[in-house]
Amino acid sequence: MITITPDKLTKGETIQKSLEYLDQSLDFVMDKSIEQDYKLKIIFSSGKRLSEEYSQLLKESTIKCRGVILVDDWAACRLLVLRLLVKATPCPAQLNIHPENKIIFHYLYNLRFLRELFSQMNPLNRPHLLPKDFILETLLEVESRGFNLDCLSMNGYPLLLCSLPYQGDKSGYYLPSFHTVTLFANSYPKNIKRFVIIHELGHALYHLNNLKQQGQKLPGEEFEKLLKLLKLKYPPSRVTTLKTLKERHTEEVFANLLASYLLGHRKKDSQEKEVEKLLIVYLKSLRKSSAR
C-alpha cells in the first residue's frame with residue numbers, strides 16, 4: 001500500500017521520504033495479486049499529482065537565469081525529487097505508443113534507478129551548501145566570458161540546477177534523462193566550487209549537442225570540429241576499448257576544458273591553444289544561433 005502520497009514528499013526530510021515512496025511504489029507494482037489495469041490507474045493518478053506539486057513548487061524559491069533555473073537548500077531537495085519522479089512516472093498518453101507491459105517495465109526501471117540515486121545521498125552538510133546567489137554570480141561571470149546560457153534550455157525546458165545540503169559520491173553530476181544538475185555541499189575553495197558548477201554545465205551542453213531544439217540542432221559543424229580535435233589531442237587510455245567509455249572520456253575532457261577556459265585558466269601550451277581557438281569559435285556560434 002502506498003501511504004507516502006505526492007503531497008507528503010515535500011514534508012519533512014525529503015530524501016528519506018522519497019526512498020519510502022519508491023519502496024512502497026515498487027512493492028505495489030510488483031504485487032502480482034493486483035490487476036494491471038488498477039496499477040496503471042494508480043500510477044497515472046500519482047503522476048498527475050506529482051506534476052501538480054512540482055509546478056506549484058517551481059514557482060517558489062527559484063531563480064531563473066536565461067536557460068537555467070536555480071534552487072538551493074531544502075527547496076532544492078523537494079524540487080529535485082519531484083522533477084525526477086514526474087519524468088520517471090508514465091502518463092496515459094503513453095498507452096497510445098506502448099503496450100501496458102512495456103510501460104510497467106520502464107516504470108519499474110525508473111523507480112529502481114531513482115532509489116539507487118537517492119540512497120547515495122549522505123547525511124546533511126548544510127554549512128558547506130553552495131548558495132544559489134553564489135551559483136548565479138558564477139553563471140553571470142561565465143556569460144560575460146561568452147557562454148550563451150540560453151543554449152542550456154532543451155526545447156524550452158530550462159536546465160534545473162539543484163544545490164543540495166547533502167554529500168554525494170561526487171561533487172555534482174548531470175542527469176541527461178531529467179535535464180538536471182545536482183550539486184552537493186563541499187568545503188572546496190571558491191574557485192574549485194565555480195569549476196564544479198561550470199563543469200556540470202559542460203556536461204549538459206555536450207548532451208544538448210545531440211538533441212534537437214525547435215526542429216534544429218545546436219551549431220553542429222563547429223562542435224564536430226572541436227570534438228574531432230579533442231579526440232586527437234586527448235585520446236582515452238589504451239585499455240579503454242568500449243565505445244561508451246571512450247565517449248564518456250571525451251565528454252569529461254570537453255567539460256574540463258570549458259570550465260578552465262571560462263574561468264580564465266589560459267594555457268601557454270601550443271596544444272591547449274589550438275583547442276582553445278576552436279572552443280572560442282564554438283562558443284561564438286552558440287551566441288549567433290540564439291540571435292537568429
Side-chain angles (χ1 to χ4, degrees), residues 65-68 70 128 130-152 159 161 163 168-176 179-210 218-237 240 245-290:
C65 182
R66 308 290 189 266
V68 184
L70 313 178
H128 298 307
L130 275 68
K132 60 188 176 187
D133 289 341
F134 174 78
I135 298 170
L136 177 62
E137 181 183 290
T138 302
L139 293 182
L140 294 176
E141 180 180 331
V142 299
E143 186 178 47
S144 71
R145 292 178 179 269
F147 187 25
N148 179 13
L149 296 173
D150 286 323
C151 283
L152 292 173
L159 173 70
L161 201 158
S163 177
D169 56 339
K170 297 180 181 179
S171 52
Y173 42 74
Y174 171 66
L175 299 167
H179 197 42
T180 298
V181 165
T182 61
L183 298 172
F184 293 103
N186 64 70
S187 57
Y188 298 147
K190 281 189 175 182
N191 63 321
I192 302 299
K193 289 181 178 180
R194 292 193 194 280
F195 186 93
V196 169
I197 294 168
I198 305 169
H199 177 90
E200 296 311 322
L201 298 184
H203 281 293
L205 188 59
Y206 187 94
H207 281 272
L208 285 170
N209 275 277
N210 299 317
L218 289 173
E221 184 179 346
E222 292 83 356
F223 180 73
E224 288 302 322
K225 288 180 180 178
L226 175 60
L227 209 58
K228 185 177 180 180
L229 185 61
L230 291 181
K231 290 177 180 179
L232 177 65
K233 301 291 185 181
Y234 306 95
S237 167
T240 304
L245 294 180
K246 288 182 178 180
E247 186 70 20
R248 196 177 304 165
H249 170 82
T250 303
E251 182 181 332
E252 285 292 332
V253 171
F254 173 81
N256 281 335
L257 289 172
L258 179 71
S260 295
Y261 170 73
L262 291 174
L263 286 174
H265 301 162
R266 315 299 286 269
K267 303 289 185 178
K268 295 182 180 180
D269 182 88
S270 58
Q271 174 173 292
E272 295 281 357
K273 284 186 175 181
E274 187 179 359
V275 171
E276 185 179 285
K277 184 178 178 180
L278 279 184
L279 180 60
I280 292 171
V281 172
Y282 169 64
L283 291 174
K284 285 182 178 178
S285 72
L286 294 181
R287 295 200 299 276
K288 288 179 182 178
S289 68
S290 65

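Keep in mind that this is a model prediction, so the values were computed, not measured. If you read the sequence from its start, that first residue is 1, and numbering goes on from there.
- Here CG of Leu279 is found 10.5 Å from CZ of Phe223. Values are rounded to the nearest 0.5 Å.
- Contact annotation: the side chain of Leu257 approaches that of Tyr234 to within less than 4.5 Å [non-hydrogen atoms, C-beta and beyond].
- Taken to the nearest 0.5 Å, the CG atom of Leu205 stands 10.5 Å off from the CG atom of Leu159.
- Between the Asn148 side chain and the Leu286 main chain, a donor and an acceptor come within less than 3.5 Å of each other.
- Judged purely by atom type and a 3.5 angstrom limit, Thr138 has no side-chain atom pairing as donor or acceptor with the backbone of Arg194.
- The line from CG of Leu201 to SG of Cys151 is 12.0 Å long, rounded to the nearest 0.5 Å.
- Atom NZ of Lys190 is separated from atom CD of Glu137 by 6.5 Å, given to the nearest 0.5 angstrom.
- Inter-residue side-chain proximity for Phe147 and Leu139 is flagged as unmet; no heavy-atom pair is nearer than 4.5 Å.
- Put simply, the side chain of Leu230 does not reach to within 4.5 Å of the side chain of Leu278, judged on heavy atoms.
- Defined by atom type and a distance below 3.5 Å, a donor-acceptor pair is present between the side-chain atoms of Tyr282 and Asn209.
- Using a 4.5 Å heavy-atom cutoff, the side chains of Leu226 and Val281 are not in contact.
- The nearest pair of heavy atoms linking Glu200 to Leu183 is CG-CD2, 4.2 Å.
- For the 3.5 Å distance criterion, the side chains of His203 and His207 fail to qualify, holding no donor opposite an acceptor.
- Gly202 and Phe254 make their closest contact through O-CE2, 3.4 Å (heavy atoms, listed as atom of the first residue, atom of the second, distance).
- Within the model, atoms NE2 of His249 and NZ of Lys231 stand 10.5 Å from one another, a figure rounded to the nearest 0.5 Å.
- Across all non-hydrogen atoms, the minimal contact from Leu130 to Ile135 is O-CD1, 3.8 Å.
- Counting heavy atoms from C-beta outward, Leu149 and Cys65 have side chains that approach closer than 4.5 Å.
- Lys225 has a carboxylate O that lies under 4.0 Å from a charged side-chain N of Glu221, or vice versa, which qualifies the two as a salt bridge.
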Taking it one step at a time, do Arg145 and Leu263 satisfy side chain to side chain contact (heavy atoms under 4.5 Å, CB included)? CA-CA 8 Å; Arg145 292 178 179 269; Leu263 286 174; 5.9 Å; no

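- Counting heavy atoms from C-beta on, the side chains of Leu258 and Val142 never come closer than 4.5 Å.
- The shortest non-hydrogen separation linking Asn186 to Phe184 is ND2-O, 3.3 Å.
- Under the 4.5 Å side-chain criterion, counting only non-hydrogen atoms from C-beta, Glu143 is in contact with Leu140.
- Rounding to the nearest 0.5 Å places CD of Glu274 at 8.0 Å from CG of Leu232.
- Residues Lys284 and Ile280 meet the side-chain proximity criterion, which asks for heavy atoms closer than 4.5 Å.
- With His128 contributing its side chain and Tyr188 its backbone, the two residues share no donor-acceptor pair below 3.5 Å.
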